[in-house]
**Q** 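Below is a structure I'd like to ask you about.
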Amino acid sequence: MNAGCLTGSGIVETIFGNRFMHAQELARMGANIRLEGRQAIVAGPRALSGAGAIASDLRASASLVLASLVAKGETVIDRVCHIDRGYEHIESKLAGVGAEIRRVE
């Protein structure tokens with residue numbers, strides 16, 4: 001492999017067919033993700049930028065929060081009710097490591 005090539009990873013979902021619904025949201029932030037059937041192929045590294053995003057489930061919510069923490073700028077995530085089911089008071093917990101998260105109406 002030459003030094004100019006991007007590195008990448010593949011993730012295969014074998015249980016829930018729509019697991020990668022949030023890939024489009026991450027791509028909106030600048031992630032290089034393409035879907036091929038039940039596989040997501042992620043190439044990087046790539047800088048992320050803040051954007052509007054919609055959480056579709058618990059795992060998607062967590063990935064959007066984590067992506068937002070490394071993205072430059074502000075990210076607004078809608079439908080955070082999903083994350084509340086699995087991560088109680090996530091904003092205060094992540095504030096302990098320097099995250100600036102606030103809820104807006």
Side-chain angles (χ1 to χ4, degrees):
M1 191 181 254
N2 81 38
C5 289
L6 294 174
T7 59
S9 298
I11 304 162
V12 178
E13 173 57 49
T14 60
I15 297 172
F16 182 61
N18 290 330
R19 180 75 69 205
F20 298 127
M21 289 174 48
H22 61 292
Q24 180 178 343
E25 304 302 312
L26 293 169
R28 191 172 304 142
M29 297 175 75
N32 185 356
I33 300 175
R34 82 175 185 275
L35 301 178
E36 293 181 2
R38 291 182 165 255
Q39 183 175 18
I41 296 139
V42 183
R46 198 170 212 187
L48 300 179
S49 299
I54 299 172
S56 56
D57 63 41
L58 177 60
R59 289 172 185 86
S61 300
S63 71
L64 292 171
V65 169
L66 293 175
S68 299
L69 291 175
V70 299
K72 182 176 181 175
E74 183 177 273
T75 298
V76 176
I77 304 171
D78 287 324
R79 293 180 53 190
V80 294
C81 57
H82 299 291
I83 203 159
D84 291 335
R85 290 193 328 249
Y87 302 96
E88 187 174 349
H89 306 294
I90 190 169
E91 61 274 24
S92 61
K93 291 175 182 174
L94 290 175
V97 293
E100 293 180 29
I101 300 172
R102 71 181 193 286
R103 291 182 184 254
V104 294
E105 294 297 320

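Because the structure is predicted, anything quoted here is derived from the model rather than measured. Along the sequence shown, residues carry numbers from 1.
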**Q** How long is the straight-line distance from CG of Leu66 back to OG of Ser61, given to the nearest 0.5 Å?
**A**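 CG of Leu66 is found 11.0 Å from OG of Ser61.
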**Q** Would you mind listing every salt bridge (Lys or Arg N to Asp or Glu O under 4.0 Å) that reaches into residues 39-68, with sequence neighbours excluded?
**A**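 Passing the test, one end in residues 39-68: no pairs.
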**Q** Treat each ILVMFWY residue as a node, draw an edge where side-chain heavy atoms are under 4.5 Å apart, and state whether Val76 and Leu48 are in one component.
**A**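 No, because Val76 and Leu48 fall into different hydrophobic clusters, even though each may have its own neighbours under 4.5 Å.
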**Q** Give the table of side-chain donor-acceptor pairs shorter than 3.5 Å for residues 22-29, with sequence neighbours excluded, one pair per line with atom names and distance.
**A**
| unit_1 | atom_1 | unit_2 | atom_2 | d |
| --- | --- | --- | --- | --- |
| His22 | ND1 | Arg19 | O | 3.3 |
| Glu25 | OE1 | Arg28 | NH1 | 2.8 |
| Glu25 | OE1 | Ile54 | N | 2.9 |
| Arg28 | NH1 | Gly52 | O | 3.4 |

**Q** Considering residues at least two apart in sequence or located in another chain, which fulfil the side chain to side chain donor-acceptor pair (under 3.5 Å) criterion with Arg38?
**A**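 Here no residue qualifies.
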**Q** Determine the minimum heavy-atom distance between Ala71 and Ser49, stating which atoms define it.
**A**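 That would be CB-C, 3.7 Å.
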**Q** Answer yes if Ile11 and Ile33 sit in the same cluster of Ile, Leu, Val, Met, Phe, Trp and Tyr residues linked by side chain heavy atoms under 4.5 Å apart, and no otherwise.
**A**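 Same cluster: Ile11 reaches Ile33 through Ile, Leu, Val, Met, Phe, Trp or Tyr contacts under 4.5 Å.
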**Q** May I ask whether Ile83 and Leu69 are part of the same hydrophobic cluster, defined by side-chain heavy atoms of I, L, V, M, F, W, Y residues being less than 4.5 angstrom apart, directly or through others?
**A**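 Cluster IDs for Ile83 and Leu69 match.
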**Q** Would you give me the side-chain donor-acceptor pairs under 3.5 Å for residues 90-103, sequence neighbours excluded?
**A**
| unit_1 | atom_1 | unit_2 | atom_2 | d |
| --- | --- | --- | --- | --- |
| Glu91 | OE1 | Arg103 | NH2 | 3.3 |
| Glu91 | OE2 | Arg103 | NE | 2.8 |
| Ser92 | OG | His89 | O | 2.9 |
| Lys93 | NZ | Glu88 | O | 3.0 |
| Arg103 | NH1 | Asp84 | OD2 | 3.2 |
| Arg103 | NH2 | Asp84 | OD1 | 2.6 |

**Q** Examine Met21 and Leu64 and state if one hydrophobic cluster contains both, with Ile, Leu, Val, Met, Phe, Trp and Tyr joined whenever side-chain heavy atoms are less than 4.5 Å apart.
**A**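 No, because Met21 and Leu64 fall into different hydrophobic clusters, even though each may have its own neighbours under 4.5 Å.
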**Q** Looking at Thr75 and Gly50, what are the two nearest heavy atoms and their distance?
**A**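 In this case the closest contact between Thr75 and Gly50 is OG1-CA, 3.2 Å.
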**Q** Apply side chain to side chain contact (heavy atoms under 4.5 Å, CB included) to Arg34 and list each qualifying residue two or more places apart in sequence or on a separate chain.
**A**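 Listed in chain order: Glu36, Ile41.
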